[in-house]
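Worksheet: the structure to be examined is printed underneath.
Counting starts at 1 for both ligands and their atoms, following the listed order.
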Amino acid sequence: MLKIPVMSNQLLANKRGIIFGALDEQSIAWHVAEKCVSQGAKITLTNAPVALRMGKIMELSEKLHAELIGADATSVEDLENLLTEILGGKIDFILHSIGMSLNVRKGKHYTDTNYDFMQKTFDISAISFHKLMQSALKLDAIADGGSILALTYIAAQRVFPDYGEMAESKALLESFARSFGYHFGTLKKVRVNTISQSPTWTTAGSGVKGFKEFYDYADKMSPLGNASADACGDYCVAMFSDLTKMVTMQNLYHDGGFSTMGMNPAVLNI
Ligand code: NAI
């Protein structure tokens, strides 16, 4: 039988991007990277040096013919090296897909928070976004009209008790997007937004206590069900493309409708 190839719209033809945070094939960033390349983009993959050793990002880099550069996102020096190494043409888009809570990982209850862990969590999950944007602005690394995205979660607005200090990390991350979005927009016409994604089965996601239960709850509560990592890839492509040039400083829900729901009879039966 004749196989008809799936046509790509080439929405990102002639665009260059950096994708942070692909660890393995479950990672949201992994799916975003695949979608960006299938839409014609040339990308650089990056992750913390430890993830380069332990994860499967090397596989992805080979598959997508994408260069791979290690960078600890909490290190301004590493970020500047990364941005300098791939210069020689400006960057059109960046995905920040980085999150890690030390207190959650070590099983510390929210009411027994370790403050050194908390600061590290904020640095990795939120301040790294500011560091990235500040480095990119100083180095004039982003093309005019470029697009910067970070992934976030609705725990920034509502209480999810087992999400720990990641809730405050996400609130900070979203605030950085708004504040830096003003400066980047005014100076360079660069867009900065956050995408608030449904619960997704990944290393970071499934580390949260009771993840299966709240994954199922969100899935039932949302009229469209949970948004997959693959669908998140599509949304990121749209936000990196020239079709969304006037969208900035927004927190955009990509959650199948979850954020607007009050009650769904479907959850009464779980
Ligand atoms: P993941 O575990 O696959 O990705 C997290 C990434 O952060 C990993 O690749 C890890 O190596 C990287 N990372 C950690 N410390 C780093 C550092 N110092 N420097 C550079 N990279 C570092 O998990 P996932 O779920 O794909 O997470 C991506 C983003 O999506 C995170 O911001 C997460 O909070 C967010 N998100 C995830 C949801 C979920 O349910 N999985 C829901 C909503 C948002």
ask   = Which residue and non-hydrogen atom of the protein lie closest to atom 13 (N) of ligand 1, and at what distance in Å?
value = Ile98 CG2, 3.7 Å
note = Ranked by distance from atom 42 (C) of ligand 1, the top protein heavy atom is Ser198 O, 3.4 Å
query = Quick one: which ligand 1 atoms are inside 4.0 Å of a heavy atom on Ala71?
reply = 19 (N), 20 (C)
ask   = Is it the side chain, the backbone, both or neither of Ser196 that has a heavy atom closer than 4.0 Å to ligand 1?
value = neither
ask   = Taking C-beta and beyond as the side chain, do Lys188 and Asp140 meet within less than 4.5 Å on heavy atoms?
value = yes
request  = Check each atom of ligand 1 against the heavy atoms of Ile28 and keep those under 4.0 Å away; list them by number with element.
outcome  = 25 (O), 26 (O), 30 (O), 37 (C)
ask   = For Lys63 and Glu34, what are the C-alpha separation, side-chain angles and deciding distance, and is it a salt bridge (charged side-chain N to carboxylate O under 4.0 Å, His left out)?
value = CA-CA 9 Å; Lys63 182 178 163 192; Glu34 287 185 327; 2.4 Å; yes
inquiry  = Test your reading of the structure: does Thr202 have an N or O sitting under 3.5 Å from an N or O of ligand 1?
reply    = yes
message = Tell me which one of Leu79, Ile148, Ile142, Ile94 satisfies side chain to side chain contact (heavy atoms under 4.5 Å, CB included) with Met133.
response = Ile148
message = If I apply the N/O under 3.5 Å rule, does Thr200 come out as touching ligand 1?
response = yes
ask   = What residue and atom, counting heavy atoms only, is the protein's closest point to atom 5 (C) of ligand 1, and at what distance?
value = Ser97 O, 3.8 Å
request  = Enumerate the atoms of ligand 1 whose separation from the nearest heavy atom of Thr203 is less than 4.0 angstrom.
outcome  = 2 (O)
query = Of the listed options (Ile124, Leu79, Thr121), which comes nearest to atom 15 (N) of ligand 1 when hydrogens are ignored and any heavy atom counts?
reply = Ile124
query = Counting only N and O atoms by type, is there a donor-acceptor contact under 3.5 Å from the side chain of Asn103 to the main-chain atoms of Phe117?
reply = no
query = Hey, looking at atom 32 (O) of ligand 1, which of His96, Gln197, Lys170 has the closest heavy atom?
reply = Lys170
key: Numbering as shown, the atoms of ligand 1 that approach Asp72 to under 4.0 Å (heavy-atom distance)   = 17 (C), 18 (N), 19 (N)
inquiry  = Tell me whether ligand 1 is touched by Phe211 - counting only heavy atoms on the residue side and a distance under 4.0 Å.
reply    = yes
message = Just to confirm my output: which protein heavy-atom neighbour is closest to atom 10 (C) of ligand 1, and how far is it?
response = Asn47 OD1, 3.6 Å
key: 4.0 Å heavy-atom contact, Ser75 with ligand 1   = no
Ser27 N/O to ligand 1 N/O under 3.5 Å = yes
message = For Lys90 and Asp144: C-alpha separation, side-chain torsions, deciding distance, then whether salt bridge (charged side-chain N to carboxylate O under 4.0 Å, His left out) applies.
response = CA-CA 9 Å; Lys90 290 195 179 177; Asp144 285 14; 5.5 Å; no
Ser75 versus Glu77, side-chain donor and acceptor atoms under 3.5 Å = no
message = What I want to check is whether the side chains of Ser196 and His254 have a donor and an acceptor closer together than 3.5 Å.
response = no
ask   = For atom 19 (N) of ligand 1, which protein heavy atom lies nearest, and how many Å away is it?
value = Ala73 N, 2.9 Å
note = atom 23 (O) of ligand 1 sits nearest the protein heavy atom Ala204 CB, 3.1 Å
note = Quick look: Gln26 vs ligand 1, heavy-atom contacts under 4.0 Å, and the answer is neither
query = Got an N/O contact under 3.5 Å between Thr152 and ligand 1?
reply = no
ask   = Numbering the atoms of ligand 1 from 1, which are under 4.0 Å from a heavy atom of Pro199?
value = 40 (O)
task = Using a strict cut-off of 4.0 Å, indicate which atoms of ligand 1 neighbour a heavy atom of Ala48.
result = 17 (C), 19 (N), 20 (C), 21 (N)
query = How does Ser206 reach ligand 1, if at all, at less than 4.0 Å between non-hydrogen atoms: by side chain, backbone, both, or neither?
reply = neither
request  = Verify the distance criterion only: is there a donor paired with an acceptor across the side chains of Thr74 and Asp72 at less than 3.5 Å?
outcome  = yes
Enclosure of Lys42 NZ (heavy-atom neighbours >12, cutoff 6.0 Å) = no
task = If the plane angle is over 60° it's perpendicular, under 30° parallel, otherwise tilted; pick one for Phe211 and Phe214.
result = perpendicular
task = Side-chain contact test, heavy atoms from C-beta onward, threshold under 4.5 Å: evaluate it for Asp255 versus Asn226 and give yes or no.
result = no
query = Salt bridge between Asp216 and Lys212, side-chain N to carboxylate O under 4.0 Å?
reply = yes
ask   = Can you check whether Met100 has an N/O within less than 3.5 Å of an N/O in ligand 1?
value = no
ask   = Considering only the protein, which heavy-atom contact is closest to atom 8 (C) of ligand 1, and what is its distance?
value = Gly21 O, 3.8 Å
query = Which part of Leu151 is near ligand 1, with near meaning a heavy atom under 4.0 Å away: side chain, backbone, both or neither?
reply = both
Phe180 ring center within less than 6.0 Å of Phe176 ring center = no
ask   = What atoms of ligand 1 come within less than 4.0 Å of a heavy atom belonging to Tyr153?
value = 42 (C), 43 (C)
note = A student checking ligand 1 against Ala51 at a 4.0 Å heavy-atom cut-off should list atoms 11 (O)
task = Look at atom NZ of Lys108 and say whether more than 12 heavy atoms of other residues, nucleotides or ligands are closer to it than 6.0 Å.
result = yes
Part of Thr46 within contact of ligand 1 (heavy atoms, under 4.0 Å) = neither
task = Heavy-atom distances under 4.0 Å are what count here, so tell me which part of Leu23 touches ligand 1: side chain, backbone, both or neither.
result = both
inquiry  = I'd like to know if the side chain of Ser147 and the backbone of Met239 have a donor-acceptor N/O pair within less than 3.5 Å.
reply    = yes
ask   = Do Leu151 and Ile28 have side chains that get closer than 4.5 Å, going by heavy atoms?
value = yes
message = Ring centroids only, cut at 6.0 angstrom: are Phe160 and Tyr153 within range, meaning strictly under it?
response = yes
